[in-house]
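Inspection log for the structure reproduced underneath, given as structure tokens.
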Amino acid sequence: MLKTLGAHIKEFKRDSILTPIFMILEVLFETIIPLLMASIIDDGVKKGDMKHIYIVGGCMVVTAVFGLVCGVLGGKFGASASAGFARNLRKAMYDNIQTFSFSNIDKFSTSGLVTRLTTDVTNIQNAYQMILRMCMRAPASLICAMAMAFYVNAHVASVYLIAVCFLAVILFFIIRKTMKYFNQVFKKYDKLNESVQENVSAIRVVKAYAREDYEKEKFSKASANIYKMFVKAESLIALNNPVMQFTVYGCILLISWLGANMIVTSSMTTGDLTSLLAYCMNILMSLMMVSMIFVMITLSIASAERIVEVLNEKPDITNPENPVMEVPNGAIVFDHVDFRYKKDAPDLVLKDINVSIRSGETIGVIGGTGSAKSSLVNLISRLYDVDGGSVKVGGKDVRDYDMEVLRNEVAVVLQQNVLFSGTILENLRWGDPTASREECIRACRLACADEFIQKMPEGYDTYIEQGGTNVSGGQKQRICIARALLKKPKILILDDSTSAVDTATDAKIRKAFIEEIPGTTKIIIAQRISSIADCDRVIVMEDGQINGIGTPQELFANNEIYREVYESQMSGSGDFDEEGKE
């Protein structure tokens, strides 16, 4: 774990080295001050030597200034190193997440990844800064102060040794108990983030169903769980302060009593007692800082483990050693394909799929919910890898292609369409970053999106809110189809992506596909029979297997599932708004 995290310090190694150096220098300067103070009392005040007082006092001022400068520089370099470390961790995690296959992403919840990128990294940042500054300063201060105390008077200084042992036992007990609570609390953070994310992203649904009270109760429960965990942990940590105060005042009283007796017997000077009391505060404050360091490290270990889990996650899908860099055409072959989402899952999602699709062919896919329609098309662009058999595109196994090359030739309009914050043009250019305005407009005309875009206040420069909340479902689908068309793909997959448009618009879009991109292989997953009526062939899926394949006419005559769906839809009132109004 330390090796993985340490690799991301990178360009901040210099700051990470300078910070503890300046901290140690600050401690050395602070340690000298009580000795100078003792000299002023014993050799200056008692003897009435003003020259000595001025000289040693000036040395104290210079020492204090040097200590202050070292402390400031240590803080500056420590802040730079810890903030840079946190930046590198976030970037490394984010970059690694971008390489994940769908199966990798399935291992982590969205809220869990957000917590790791925010709260966990912040904890590591704070801990690292404390390690660089306090982890060097506190032990150095403790050792130096202890050494000087024994130098002044070993008999009295032995009180410190007893206090240190006592506090070490208490600190060990506190850390051991709090560790288990901190390990649990970040799992609770994931639940809290999940509650917030769901509520914010689905706020319209929440308000439509008047479920605000339910959502508030769910959030309160998640928040209360974190509260309870932190109260338990902080209650134990809170013991640290009273125990520390008890020890500090006990040491002061004991040293004052012992020192007073020794001054009376002339075995110790007043200056020595003053310096011992100053070292007492240094030692015990150092112990308090050490305890804070251990608490922070305890808190950060749980965060570190979660961060390393993401950093060490290897993508399940990688490029071959010598990838094929060109997709010749859009021909697709499923050859005895078996597939499951998790390698240890007992049941297959797709079972022995065999189908050959010619380049430029239009294929419809229908089937009930859970029949694995989307799973089938996800294998074409290698979003998942097969468990058995092979998927070939352009005559070559998809595992032989460079993934970016393959996915650039496969345009997918998913069932859950996503638009990003930015203008309509910026969203369209996800399909082709170099597309001109005219090319974007033409793609929108093919997708029947140009008409409603032109009616918007700023046309193609209209700003789309995050998630596309300021456009309707049908408008969002058509923009996403236009975006896919701009890729000029060899394979176009529409995963139930016209479900929110009326049948007349759906028909116009299908007609545009036939006329404008005849060489592109088109796969249309749909629930409506009318959406696949013009397809060259239709695949009927049932329970992860192909139940039938053929032209719409052949399936109506020979396939029971297709015929039942056809009759149930055509015998009723038909699809909504056949005149083309949304």
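- Note that CD1 of I317 is 4.0 Å distant from CG of D385, once rounded to the nearest 0.5 Å.
- In this structure, the separation between CD1 on I55 and NZ on K51 is 5.0 Å, given to the nearest 0.5 Å.
- Contacts of R437 classified as salt bridge (Lys or Arg N to Asp or Glu O under 4.0 Å), with partners at least two apart in sequence or in another chain: D461.
- At a threshold of 4.5 Å between non-hydrogen side-chain atoms, the residues L5 and I307 count as touching.
- In this structure, M456 and I424 have side chains that are in contact, with non-hydrogen atoms separated by less than 4.5 Å.
- Classification of R429 and D432 as a salt-bridged pair fails, no side-chain N sitting under 4.0 Å from a carboxylate O.
- A side-chain donor-acceptor contact under 3.5 Å links N319 to the backbone of M403.
- In this structure, L428 CG and L419 CG are separated by 9.0 Å, a value rounded to the nearest 0.5 Å.
- Here K487 does not pair with E409 in a salt bridge; the nearest charged N to carboxylate O distance is not below 4.0 Å.
- Between P323 and D402, the closest heavy-atom pair is CB-N, 3.4 Å.
- Evaluation of the ring pair (Phe, Tyr, Trp, His ring centres under 6.0 Å) test over residues 54-88, restricted to residues two or more places apart or in two chains, returns F22-F77, F29-F66, F85-Y128.
- Among residues two or more places apart in sequence or in another chain, the ring-ring contact (aromatic ring centres under 6.0 Å, His included) test is passed with Y401 by none.
- For N408 (side chain) and E404 (main-chain N/O), a donor-acceptor pair under 3.5 Å exists by modelled atom type.
- Under a 4.0 Å N-O distance rule, the pair R87/E11 qualifies as a salt bridge.
- Checked by atom type and distance alone, the side chain of N427 pairs as donor or acceptor with a backbone atom of F420 at under 3.5 Å.
- Q129 places no side-chain N or O within 3.5 Å of a backbone atom of N126 that could act as its donor or acceptor partner.
- Within a 6.0 Å radius of OH in Y214, no more than 12 heavy atoms belonging to other residues, nucleotides or ligands are found.
- Test I124, T115, T119, T122 against S303 for side chain to side chain contact (heavy atoms under 4.5 Å, CB included) and you get one pass: I124.
- The distance from atom CD1 of I479 to atom CD1 of I464, rounded to the nearest 0.5 Å, is 5.0 Å.
- Of the candidates Q125, R116, H8, H8 is the only one forming a side chain to side chain contact (heavy atoms under 4.5 Å, CB included) with L89.
- With hydrogens and angles disregarded, no donor-acceptor distance shorter than 3.5 Å links the side chain of S80 to the backbone of K76.
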